[in-house]
Amino acid sequence: MSVAAKSKGLAAAALAGALMFAAPALAGAGFQLVKVPDPQGGTIEVGIWYPTDAPMRSVPLGLNRMEVAPGAPIKGTGLPLVVMSHGHGGFFGGHSDTAAALADAGFVTAALTHTGDNYADKSRSTEGANRPRQLRVLTDYMLKDWASHDRIDPQRVGAFGFSMGGFTVTAAIGGVPDVSKINDHCRLRPQFFDCQLVHHQPATPATWNGWKRDERIKAAVIAAPAVGYAFTPQSLGAVKIPVQLWRAEVDQILPEPFYVQPVREKLGAAPEYHLAKGAGHFEFLQPCTAEAIQSHADICVPAPGFDRVAFHQDFNREVVRFFRENLAVVNRP
């Protein structure tokens with residue numbers, strides 16, 4: 001789970017629309033920011049990256065800037081779609097470098113800000129089933145109501161999730177968690193970050209039911225998934241789609257063997273497994289600006305000796321390759 005909440009200055013940054021992470025140049029990426037209606041009320045904030053030939057320009061993004069072509073024409077037809085889910089207390093832009101790399105490779109990438117579990121509002125952080133439901137709302141929108149939905153191939157849908165977003169994607173592809181296992185886990189490990197969160201917002205059966213596999217998702221990238229220990233063997237055993245699974249070797253927030261390893265062992269088809277040697281939990285977030293490193297050191301400063309910039313070059317390349325191979329993408333359109 002992301003611990004953006006730990007930064008004392010985050011509330012003020014949130015009020016200013018702060019997006020905490022540096023945004024590298026996005027070669028060939030158009031960008032839109034939209035509000036998606038939620039059937040349960042309100043709207044969901046969504047950032048969308050997509051292929052384009054339009055010239056890039058620098059635009060503000062909270063406290064940072066990114067090189068995109070805002071509102072540019074989309075290039076290509078029959079494009080694959082990847083939906084993205086962020087960690088606890090995050091927002092749609094936490095993996096914008098990965099989203100941009102996918103767009104440059106010919107994907108439409110849509111990342112949501114989870115209502116009730118984001119940098120500005122954590123009031124529903126432990127309502128587990130709400131997250132995959134919102135991800136399903138996003139996928140519905142992209143395939144049916146987005147202005148360029150006719151450019152997407154609905155048979156080629158992937159999902160990406162980090163931390164609590166990794167939990168979200170694991171649930172979306174068929175994993176069913178048992179809330180009683182969360183309570184058991186936290187009785188033994190009350191000092192763990194997720195248990196501290198549950199202590200303040202107890203997870204109840206009423207908000208941990210109604211799980212539904214999204215059959216449209218044909219491949220998934222899951223990084224440092226939260227609550228991995230709670231997924232039932234029967235539900236994960238039935239998951240046979242390709243999964244790329246990432247673990248940070250020195251994850252201080254979700255330490256092993258409780259999170260990644262249970263998912264790896266229980267999946268019905270062995271995942272493509274990657275160990276990010278020397279990486280801490282937050283290395284999966286895009287590299288921070290120098291200013292953000294000063295103001296949000298807890299999530300921006302890499303683990304000792306770890307090069308987050310170099311890691312993201314490799315990470316993004318592997319994510320793009322995996323989705324290309326498993327969503328049948330040969331060349332950029």
Side-chain angles (χ1 to χ4, degrees), residues 1-8 10 85-91 94-95 113-135 160-173 175-209 211 222-233 235-236 245-267 276 279-285 296 298-299 303:
M1 295 181 180
S2 168
V3 292
K6 291 175 60 183
S7 275
K8 294 181 180 179
L10 187 56
S85 175
H86 63 74
H88 163 66
F91 77 115
H95 305 278
T113 298
H114 281 284
T115 305
D117 188 11
N118 59 69
Y119 66 92
D121 175 15
K122 303 176 185 68
S123 61
R124 304 180 68 181
S125 293
T126 58
E127 295 183 15
N130 193 44
R131 276 178 149 266
R133 182 196 67 79
Q134 291 178 353
L135 192 68
F160 172 101
F162 161 67
S163 196
M164 198 59 188
F167 163 86
T168 303
V169 170
T170 305
I173 64 176
V176 176
D178 180 348
V179 70
S180 69
K181 293 184 178 180
I182 298 175
N183 297 327
D184 292 342
H185 172 81
C186 289
R187 274 194 293 270
L188 296 173
R189 303 166 190 91
Q191 76 280 12
F192 278 24
F193 176 80
D194 53 347
C195 296
Q196 289 291 312
L197 184 64
V198 170
H199 174 73
H200 294 289
Q201 295 185 36
T204 64
T207 59
W208 283 73
N209 57 26
W211 306 100
I222 300 170
V227 205
Y229 57 82
F231 287 103
T232 66
S235 65
L236 285 187
L245 183 64
W246 290 80
R247 174 193 159 200
E249 184 179 34
V250 290
D251 196 322
Q252 73 279 34
I253 301 301
L254 302 177
E256 289 306 306
F258 307 106
Y259 301 95
V260 178
Q261 194 60 30
V263 175
R264 183 184 182 188
E265 293 173 350
K266 296 173 187 177
L267 282 170
H281 184 72
F282 301 109
E283 315 301 0
F284 296 108
L285 297 174
H296 300 94
D298 56 342
I299 60 175

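What's counted below: heavy atoms across the whole structure, side chains too, no hydrogens, waters or symmetry copies.
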Closest approach of [X] to [Y] (non-hydrogen atoms, all atoms of both residues):
X    : Y    : answer
A248 : F284 : CB-CE1, 3.9 Å
H281 : S163 : NE2-OG, 3.0 Å
W208 : A203 : NE1-CB, 3.4 Å
A172 : P132 : N-CB, 4.4 Å
A303 : E283 : N-OE2, 2.8 Å
I222 : P225 : CG2-CB, 3.6 Å

Checking [X] side chain against [Y] main chain: does a donor-acceptor pair fall under 3.5 Å?
X    : Y    : result
S85  : T168 : no
H86  : H114 : yes
D117 : K122 : no
S235 : V176 : yes

*Which pairs with one or both residues in residues 248-258 pass salt bridge (charged side-chain N to carboxylate O under 4.0 Å, His left out), sequence neighbours excluded?*
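Every pair satisfying salt bridge (charged side-chain N to carboxylate O under 4.0 Å, His left out) with a residue in residues 248-258: there are none.
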
What distance separates [X] [atom1] from [Y] [atom2], expressed to the nearest 0.5 Å?
X    : Y    : atom1 : atom2 : value
I173 : L267 : CD1   : CG    : 6.0 Å
Q196 : Q201 : CD    : CD    : 12.5 Å
R264 : L236 : CZ    : CG    : 14.5 Å
R189 : C195 : CZ    : SG    : 8.0 Å

*asked:* Applying ring pair (Phe, Tyr, Trp, His ring centres under 6.0 Å), can you list everything that pairs with F231, at least two apart in sequence or on another chain?
replied: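 Checked F231 against ring pair (Phe, Tyr, Trp, His ring centres under 6.0 Å); matches are F167.
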
Contact between [X] and [Y] at the side-chain level, heavy atoms closer than 4.5 Å - yes or no?
X    : Y    : result
Q252 : F193 : no
Y229 : D194 : yes
R187 : N183 : yes
T170 : P177 : no

*Residue of the set L254, I182, T126, V179 for which side-chain contact (heavy atoms from CB on, under 4.5 Å) holds with V227*: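 Among the candidates, only I182 passes.
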
With sequence neighbours excluded, residues passing side-chain contact (heavy atoms from CB on, under 4.5 Å) with [X]:
X    : answer
P202 : none
A129 : W211
R124 : Q40, E127, N130
D178 : S180, K181, T232

*Assert yes or no for the condition that the ring centre distance of F192 to H185 is strictly below 6.0 Å.*
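Yes.
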
_Mutual orientation of the aromatic rings belonging to Y119 and F91 [parallel < 30°, tilted 30-60°, perpendicular > 60°]_ = perpendicular

